[in-house]
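Note sheet for the following structure.
When a ligand or atom number is given, it counts from 1 through the structure's own listing order. Please read all numbers here as calculations on a predicted model, not as lab measurements.
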Amino acid sequence: MSLTSRLILGACLLVVLTVLLHARWGNDELYLAIPLAVLFGTIAGRSIAGHLAALRDSARALSEGLPPRLPDTGMSEIAAVAQAIRQTDRELADRFAELRREKAEAMAIVDAMMEGVIAADSRGRTVLANRAARELLGYGPWAPLPDLATLFRVKAAQEAVAAVLAGRPLHDHEVDLDGRVVLINARPLNERGAVLVLHDLTEVRRLEEVRRDFVANVSHELKTPLTSISGYAETLAGPEMDEATRRCFVATILSNTQRMIRLVDDLLDLSRIEGGRWNLSRVQVDLAALVGESWEELSGKAAARQVHFALECSPKTVRAFVDPDALRQILGNLFDNALRYVPDAGHVTFRARYQDGGVMTSVSDDGIGIAAEHLPRIFERFYRVDPSRSRDAGGTGLGLSIVRRMVEAHGGRVNAESAPREGTTIFCWFPDAPSEDSATS
Ligand code: ADP
């Protein structure tokens, strides 16, 4: 029943009561109605005040994010207000849930970024640092973060942060954070907080250095034969010389030209593999047959120096899932090296066996071997243990790096074992065909 109806009803009751009293006892007794009216008014007032206080408490609870405890009343005005509060509570809960979801999504995006992101509030407290920023600065995922001013441990970075906190933006400011090259971009916020974005440039700088070294190496490798060709050509163009000297000069020019052709061929192969332009067409290959063919190409050189070759496959027929052309090139490079570094009457052995879901091959020789400090680097481009010996023997310094790239393009891996004056073994492991391929082959 509504509050108005209750009060009207109360007034009506009072009138009826007064009329009845007047009819029964005359005018004087009418005074009895007054205390009754006061009693009725007090009860009604208390009841209304109690409900209003409950509504006030509910509104307060709502503002504090607590669930409202609304009065259960028959008064329609109070019930309507309670219903409105309940509705507001539900809408607020939905909006907060939505906000929490959006915030979690935004945090997930910031956390997944490759760049480090750091935010500080107006008091310089670090309020956000994503996964990349924590990794760069050496803080664990849950480690508490100090204020922005002391977050970086390197002085140059601290000075940059101080400038941002003083309100100056930073553009592409490069700092060295304990061996890592980091580019900082930062912007002060309106309320004097700041946002920093960190790019890790270490890998980019390393690749730039590799490229510079590579260009320097190639230039050097080409310059030596070119200088030699130019010198001999100039002499040939000069005054008459005897036939034997002329032939000798021409032979030197020819050998330097061939060396440059070998180098350019190796460079082209390397660039095709590294640029992903060498499309491997893998098939099941009987290794014994292909190895025999590859050795045959060098057999003249081997026979001239009485180098013995052995082939040991276990079982007798080992089939590998490889690109035959790539494998020919791999074997050519490995046999070429072995022949170059074995003494006369030395031994070269090719072995193959099934291992770890693939085929393990090895080329061993009993040549000069490689000292332990050089072994980890022999697969690098242009790395040579003895540069002048390698050049004199016609090496380009690229053979093993081509082998490594080719084996890796098959999904395989390479490895070397060696002992000085005992010999060297280069291992290449090739994985089997994926199950659907082997089913069709
Ligand atoms: P290179 O054209 O100089 O042979 P590689 O990349 O094929 O270049 O080999 C790199 C270096 O590894 C060689 O210069 C040589 O010092 C060493 N090396 C490679 N294979 C052998 C081997 N079988 N015995 C001894 N040293 C080797």
Side-chain angles (χ1 to χ4, degrees), residues 210 213-214 216-225 255-274 291 294-295 297-298 301-302 305-312 326-351 361-409 412-428:
V210 168
D213 286 354
F214 184 69
N217 275 321
V218 172
S219 312
H220 179 72
E221 293 295 329
L222 287 173
K223 191 161 183 225
T224 316
S255 98
N256 276 299
T257 315
Q258 281 162 351
R259 183 170 147 194
M260 287 197 299
I261 291 172
R262 269 199 308 277
L263 179 68
V264 171
D265 282 347
D266 277 0
L267 284 171
L268 287 173
D269 282 345
L270 207 55
S271 111
R272 272 172 69 205
I273 309 165
E274 291 187 350
V291 169
S294 298
W295 181 259
E297 286 180 21
L298 298 167
K301 250 199 228 175
R305 294 179 49 220
Q306 289 108 45
V307 174
H308 304 277
F309 178 68
L311 181 100
E312 295 175 10
L327 187 60
R328 262 185 216 106
Q329 182 143 2
I330 291 168
L331 291 171
N333 284 349
L334 295 179
F335 289 156
D336 208 35
N337 277 353
L339 266 181
R340 205 176 291 157
Y341 298 105
V342 286
D344 289 351
H347 296 83
V348 177
T349 309
F350 174 89
R351 293 187 181 85
T361 68
S362 67
V363 174
S364 305
D365 63 63
D366 54 359
I368 59 168
I370 302 166
E373 70 264 29
H374 297 290
L375 207 53
R377 300 196 58 190
I378 58 169
F379 291 100
E380 289 175 20
R381 293 183 293 201
F382 294 116
Y383 189 82
R384 291 156 156 142
V385 176
D386 181 347
S388 56
R389 179 177 178 155
S390 156
R391 281 195 196 97
D392 292 347
T396 59
L398 293 173
L400 286 183
S401 55
I402 291 176
V403 168
R404 189 185 77 178
R405 293 290 178 184
M406 284 194 165
V407 174
E408 285 175 352
R413 54 179 188 267
V414 293
N415 185 27
E417 281 176 7
S418 188
R421 290 178 300 282
E422 285 181 21
T424 303
T425 300
I426 308 288
F427 295 92
C428 301

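In this view, Tyr341 satisfies the ring pair (Phe, Tyr, Trp, His ring centres under 6.0 Å) rule with no residue, not counting sequence neighbours. Checked against side chain to side chain contact (heavy atoms under 4.5 Å, CB included), Glu417 has the following partners two or more places apart in sequence or in another chain: Phe427.
For residues 395-404, the side chain to side chain donor-acceptor pair (under 3.5 Å) pairs, not counting sequence neighbours, are Asp266-Thr396.
The aromatic rings of His308 and His347 sit parallel, their planes meeting at an angle under 30°, below the 60° perpendicular limit. Using cut-offs of 30° and 60° for the angle between ring planes, the Phe382 and Phe214 rings count as tilted.
A salt bridge links Lys301 with Asp336: the closest approach of a Lys/Arg side-chain nitrogen to an acidic carboxylate oxygen falls below 4.0 angstrom.
Annotation: ligand 1 has protein neighbours Asn337, Arg340, Tyr341, Asp365, Gly369, Ile370, Ile378, Tyr383, Arg384, Val385, Ser390, Gly395, Thr396, Gly397, Leu398, Gly399, Leu400, Thr424, each with a heavy atom less than 4.0 angstrom from the ligand.
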